[in-house]
Amino acid sequence: MTGAHNDKTLDKTFDPAAIEAKWYAHWESNGLFRPHRPDAQPFTIVNPPPNVTGSLHIGHALDNTLQDVVIRYERLRGKDALWVVGTDHAGIATQMVVERQLEASQDKRTNYTREAFIDKVWEWKAESGGTITRQLRRLGCSMDWSREQFTMDPHFTKAVVKVFVDLYNQGLIYRDKRLVNWDPKLKTAISDLEVETRETKGGFWHFKYPLADGARRDDGLDYIEVATTRPETMLADMAVAVNADDPRYTSVIGKDIVQPLTGRRFKVVADEHADPELGSGAVKITPGHDFNDFEVGKRAGIRPGDMLNMFDAEAKVVQTADGLVPEKYLGRDRFVVRDMVVADMKAAGCLIPHVTKDKDGEEVAADFEPRTIQTPYGDRGGVVIEPWLTDQWYVNAEELAKAPLEAVRSGAIEIVPKTWEKTFFNWMENIQPWCVSRQLWWGHRIPAWYGPEKGDFGEIGLGWETDPKGKSVIRNRKVFVAETPEEMLEQAKRYYGQRELAIVGNDVGEAFDAYMKRGEIPIFRDPDVLDTWFSSALWPFATLGWPDATLPSPSGEGPGVGHVVPRSAANGDNPHPNPSPEGEGLAPSLLARHYPNDLLISGFDILFFWDARMAMQGIHFMKDVPWKRLYLHGLVRAADGQKMSKSKGNVVDPLGLIDQYGADALRFFMAAMESQGRDVKMDEKRVEGYRNFATKLWNAARFCQSNGIAASGSLAAPAAKSAVNRWIIGEVVETVAALDHAMADLRFDAAANAIYHFVWDQFCDWYIELIKGSFDDETRAVAGWVLDQILVMLHPFMPFVTEELWGALGERTDYPLITAKWPEPGVAVDAEAKREVEWLIALVGNLRTAKNELGIAPGAKLDAFLPEPSATTRGIVERNPAAIERLARLNGIRFEAAPAGAAMQVGAGDANVIIPLEGVIDIAAEKARLAKALEASTNEAKSLEGRLNNPAFVEKAKPEAVEKARADHAMHAAEAERLAAALARLG
RNA sequence: GGGCGUAUAGCUCAGUGGUAGAGCACUAUGUUGACAUCGUAGGGGUCGCAAGUUCAAUCCUUGCUACGCCCA
């Protein structure tokens, strides 16, 4: 039914689905995605690793199509093209999926031990981990599956651990107690980038904070008015800040406030953060729960360790260290407490109502002023982020950002399109410490261990305390950061001397004393894991085998380097190591050969998350940029321009489009729509159009085949005498040049359009039409060669249909298209042939138009006269009788005067062909037609004449512009003259 | 508030300092040695608005308007 028969005769219709699976399996099983080319110039890209348990969405389709276009192009150009592929463990996302599954069966994570839960995640990975890689195959992506990577493979984990330890030893990773963005739903810290600010409707409450000890302001008031959008935080207020230059408050700076609900006494402090222009000019300060207040608190001399905390990990109220939070608030949710606090302040007479006038001009009092609040939400958990004071691991991003900034400035990394440079600079220049620890179970466990710190006299055992999460922790910790437990123990022994050490579980808790009593020093590993982006930042080099010289060999095959990493050190949590299959070219030089990568293609939405961090880690550890070029593309939007989202229900499934139109059509759409700096709007009609394009090509090939046109076997253009053949060879030359130019600039749209228009407009519409009826050997050779060049040039965009046709047109099983050679015509454009064919095209086109306008049947075969042809035109006519008869549908063109009588007149180049139509045409209609054309020509000529008569133009314009204007003027003037003469003939 | 982008035919988008193109849609049509997922012909745009630079502006500059995105 579909595809090619065994005898390779092409079917009338073409079914993408039938050929896609066949060719993909063929390419992959024959190792054609990475042919052995040890002597070729390497070309390397790495795919942005999708979430391992995810599935292909339309954005992946765009991203991976562009990468495949590039890698297939470079492979065809003979390079040692490597497209590294793999998936990301996606810490938060994957853990959430598995937790949701547990919830569905009334189960939950905390019903399991950490190890048991992680086992469940590995099970889920095994179950669903193949989905997206299968889908990438359906799209036709020619990745090197033989070396498929996973961010939690043992060798990758080794790289992650080494990076952490090295950065720690270099002082670029440190543990710090400061405010983090805490997600109370996921119960983990997240980085600044994972916080999205949303506008929400909220309130602004005004309160009286009474001055203590009878103090009064200069104006006599005995309180300070403060306002807040988060009243609940007053339970942990530690100051009121006013501006030192604000005359309303100068006399009370340093005086005490008594907070009405907690009774806590704290100072009025002077701080620049208080803006006299805003509200009352005074601000309540909650250093433990607000980023600005944290800084104010520090400036006021409050140490982070002393800042009051009033929330637990789920943002429920807990007792502060000073014990002043009233019992009734404890254990309640932050938003419940907000309402309670407002009510209690109101009852205490400390709420200042918000007074407005209603529509009748009456004053109305409300508890708060309605306001639009910029509220931080966690991008994964979707709940309001709470600034929370905890110990977390931070990367000194400011330091690591220096080299990437310089790399982009110097051009060592080229960002395409360039407009993104500014965004990149802006972010990198203002980069904040990167919080990399996550309170999750699924991920790379942080290679840090804690034991009790020795006291001033070397004594050990200063006790333990309860952390904000309610867990018992060693109060003064000594941290040991090491790649393996063995190394850690070495460090610990050096520190503790000859004491017995005990590595204990995650919760040292109450067991601490027991260990101490037994004379053992308990040491436990940091329970946290690393931010997923911390590991994916290593993708460009860790996938190539860093830090080992070679990659680990598969399980059970000798001492692969990946397996010397003890399980505990690799992660301690990975019972299902993903063996790295051995592929071709696992030479020690893999890393050296393919780093730096040549190009990275990613969506701009992960510029900061991923690209920037790859640049930081890549340059730091490899002493060179991760990639020479960074191409950023936009989003794929829904047809109405909206962002696609599950909640809006406007998500387009790329697999559905592939089913309907074929992968080639979807790919071509993605490439053709990818112009730099603009989002791609989904347009299914256009996908359909490119499916039609594939069908058009299919049928053209079918026609060629049925006329004895076959595979060329020649890289160079065949010798050709006929103008038509010389012309089409020249068109190939120009198309290759246009494609190469577009690809060099990563203009995917221009590249796709160049081949599209060559195939349809030049090859199908004109060349095939022109050669019909004259299939000589030369023409067969040229047509076969041109069709081959088309298949090669189109292959990066439409790999399936082109490979199928390549196979159908000739016996070349040992020379598949995917590894064929990029066109090298070896000839120049033949200008004479181009002029000749363009003359024929103009004649045919003008004749068709004229016939149509005069209502003459298109098929009517007519006589034609050309009384005084120029030598050139005469030659063209004499050399192309078949085309003139077949396409122009003329009984030849006679070089003699036309018989008297009505005639239509058609121009082409310098010729005016007269076609007698006595009794056939409506003379009035022909006159009208000519008059219309005459007017257009005359207007054009006049306009040009006006310009040429302007001395300023002739003097100041570029000579080429003047020259062109003169030529155009001459052309239009001559045309007008011809048309006028033609009109005159009609009387 | 800061930054970036976009505004061109009904729709989706290219493009150029010398008065504009594609695909789809639309109208008419079906003669041609593959293709109706096709062919042929056609209609349709003061290139968001205003000012400036220039011999010349859709293109460069500035301002404005509208929409979108990122950061604070």
Side-chain angles (χ1 to χ4, degrees), chain A residues 10 12-14 16 192-193 195-197 291 374 417 419-427 430 604-605 607-608 634-635 637 639-643 661-662 665 669 672-707 709 747 749-750 752-753 756-757 760-761 764-765 768-769 771-775 844-861 885-889 939-940 943-944 946-958 960-962 964-965 968:
Chain A
L10 293 166
K12 185 166 180 185
T13 52
F14 125 80
D192 296 346
L193 283 177
V195 176
E196 55 183 53
T197 310
F291 288 101
Q374 304 292 325
T419 45
W420 284 105
E421 274 186 4
K422 209 161 185 172
T423 308
F424 178 83
F425 289 143
N426 195 34
W427 188 69
N430 297 293
F604 67 76
D605 52 327
L607 173 60
F608 304 144
L635 254 49
R637 297 181 169 276
D640 60 2
Q642 289 211 300
K643 217 167 161 173
Y661 303 107
F669 167 78
M673 296 307 289
E674 175 57 24
S675 59
Q676 292 175 4
R678 194 195 268 267
D679 286 343
V680 172
K681 225 174 271 187
M682 196 57 228
D683 182 355
E684 202 172 318
K685 292 294 289 180
R686 197 139 182 167
V687 182
E688 186 186 341
Y690 291 127
R691 187 272 317 264
N692 296 352
F693 172 63
T695 308
K696 181 80 181 177
L697 173 70
W698 179 270
N699 281 296
R702 205 160 62 86
F703 174 77
C704 288
Q705 189 187 49
S706 67
N707 283 288
I709 292 163
R747 284 304 305 249
D749 57 341
N753 287 329
Y756 179 94
H757 285 112
W760 204 311
D761 301 348
C764 292
D765 285 355
I768 287 184
E769 293 304 327
I771 64 173
K772 278 179 183 171
S774 52
F775 287 110
V844 172
N846 292 341
L847 201 54
R848 281 171 177 166
T849 305
K851 275 179 163 176
N852 197 283
E853 286 181 1
L854 296 176
I856 300 168
K861 210 98 177 262
E885 192 185 332
R886 281 186 43 78
L887 293 185
R889 299 197 70 74
N939 285 344
E940 200 66 36
S943 155
L944 287 159
R947 194 184 302 163
L948 287 163
N949 286 341
N950 178 356
F953 172 69
V954 182
E955 280 166 30
K956 296 188 182 175
K958 282 177 297 188
E960 313 89 90
V962 179
K964 183 168 186 305
D968 287 355

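Note that these values count all heavy atoms, side chains included, but never hydrogens, waters or copies made by symmetry. Everything quoted here is computed from the prediction, not taken from an experiment. Just so we're on the same page: letters track the sequence lines, and every chain starts at 1.
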Touch class at under 4.0 angstrom, heavy-atom based, for K861(A) against every strand present: nothing

Nucleotide of U37(B), C24(B), G18(B) approaching R691(A) most closely (side-chain heavy atoms): U37(B)

Under-4.0 Å side-chain N/O to phosphate OP1/OP2 contact, K696(A) with G39(B): yes

Any donor-acceptor N/O pair under 3.5 Å between A28(B) base and E853(A) side chain: no

Proximity to the side chain of D749(A) - top-ranked nucleotide from C35(B), A14(B), G18(B): A14(B)

Nucleotide of G23(B), A14(B), G33(B) approaching S675(A) most closely (side-chain heavy atoms): A14(B)

Sugar-phosphate only, base, or nothing, as touched by N707(A) at under 4.0 Å among non-hydrogen atoms: base

Below 4.0 Å: OP1/OP2 of C38(B) and any side-chain N or O of N692(A): yes

Separation of atom CG in L887(A) from atom C1' in U31(B), rounded to whole Å: 12 Å

Closest nucleotide among U12(B), U37(B), A41(B) to the R848(A) side chain: A41(B)

A56(B) base / K956(A) side chain donor-acceptor hit below 3.5 Å: no

Nearest-nucleotide comparison on RNA chain B, the residue closer to the 5′ end among D765(A) and E940(A): E940(A)

Side chain K851(A), main chain P858(A), donor-acceptor under 3.5 Å: yes

Sugar-phosphate, base or nothing in reach of T849(A), heavy atoms under 4.0 Å: sugar-phosphate

Rounded distance (nearest 0.5 Å) linking atom CG of L697(A) with atom CZ of F14(A): 8.5 Å

Candidate nucleotides G23(B), G18(B), A34(B), ranked by approach to the side chain of K772(A) - the nearest: A34(B)

Approximate separation, where rounding is to 0.5 Å, of K772(A) NZ and L887(A) CG: 8.5 Å

Out of A22(B), U32(B), G18(B), whichever nucleotide has its closest atom nearest the side chain of A957(A): G18(B)

Sugar-phosphate only, base, or nothing, as touched by A857(A) at under 4.0 Å among non-hydrogen atoms: nothing

Between A25(B) and C11(B) - C1' atom distance, rounded Å: 7 Å

Euclidean distance for P, C38(B) against G5(B) (whole angstrom): 39 Å

Euclidean distance for C1', U54(B) against G18(B) (whole angstrom): 12 Å

K851(A) vs U40(B): side-chain N/O to OP1/OP2 distance below 4.0 Å: no

Candidate nucleotides A25(B), G23(B), G68(B), ranked by approach to the side chain of R637(A) - the nearest: G68(B)

Separation between the C1' atoms of C4(B) and U37(B), rounded to whole Å: 41 Å

Rounded interatomic separation in angstrom, taking CD from E684(A) and P from C24(B): 15 Å

Integer-rounded Å distance: C11(B) P and D640(A) CG: 14 Å

OP1 or OP2 of G2(B) under 4.0 Å from side-chain N/O of W427(A): no

Stepwise side chain to side chain contact (heavy atoms under 4.5 Å, CB included) test for V687(A) and M682(A): CA-CA 9 Å; V687(A) 182; M682(A) 196 57 228; 3.6 Å; yes

Atom-pair distance (CG on D683(A); P on A25(B)), nearest Å: 10 Å

Candidates W760(A), Y661(A), Y756(A) - the one meeting ring pair (Phe, Tyr, Trp, His ring centres under 6.0 Å) with Y690(A): Y756(A)

Sugar-phosphate, base or nothing in reach of N426(A), heavy atoms under 4.0 Å: nothing

Donor-acceptor pair present, R678(A) side chain and U6(B) base, under 3.5 Å: no

Sugar-phosphate, base or nothing in reach of R702(A), heavy atoms under 4.0 Å: sugar-phosphate

From CA spacing to verdict: side chain to side chain contact (heavy atoms under 4.5 Å, CB included), L635(A), F604(A): CA-CA 8 Å; L635(A) 254 49; F604(A) 67 76; 4.0 Å; yes

Presence of donor-acceptor pair under 3.5 Å, side chain of R886(A) and base of U32(B): no

RNA chain B: 5'-proximal contact among M673(A) and V195(A) (nearest heavy atom): M673(A)

L635(A) CG to G68(B) P, straight-line distance once rounded to whole Å: 15 Å

Side-chain donor-acceptor pair present, N699(A), R702(A), cut-off under 3.5 Å: yes

Interatomic distance, I771(A) CD1 vs U32(B) P [rounded to whole Å]: 19 Å

K681(A) side-chain proximity, nearest of A72(B), G33(B), U12(B): U12(B)

Separation of the P atoms in U8(B) and C67(B), to the nearest angstrom: 15 Å

Touch class at under 4.0 angstrom, heavy-atom based, for G773(A) against every strand present: base

Full working for side chain to side chain contact (heavy atoms under 4.5 Å, CB included) between K861(A) and E885(A): CA-CA 8 Å; K861(A) 210 98 177 262; E885(A) 192 185 332; 3.0 Å; yes

Beyond-backbone contact of F608(A) with T423(A), side-chain heavy atoms, under 4.5 angstrom: yes

Touch class at under 4.0 angstrom, heavy-atom based, for G689(A) against every strand present: nothing

Distance between P atoms of G10(B) and C26(B) (Å, rounded): 15 Å

Shortest side-chain distance from E769(A), nucleotide among G23(B), G18(B), U32(B): U32(B)

A20(B) versus C24(B) - spacing of their P atoms, nearest Å: 23 Å

Whole-Å gap separating P (G42(B)) and CG (L847(A)): 13 Å

Phosphate OP1/OP2 of G18(B): any K964(A) side-chain N/O under 4.0 Å: no

Residue-phosphate contact under 4.0 Å: K422(A) side-chain N/O, C4(B) OP1/OP2: yes

Rounded distance in Å between the C1' positions of G21(B) and A9(B): 10 Å

Sugar-phosphate only, base, or nothing, as touched by R686(A) at under 4.0 Å among non-hydrogen atoms: base

Sugar-phosphate, base or nothing in reach of C764(A), heavy atoms under 4.0 Å: base

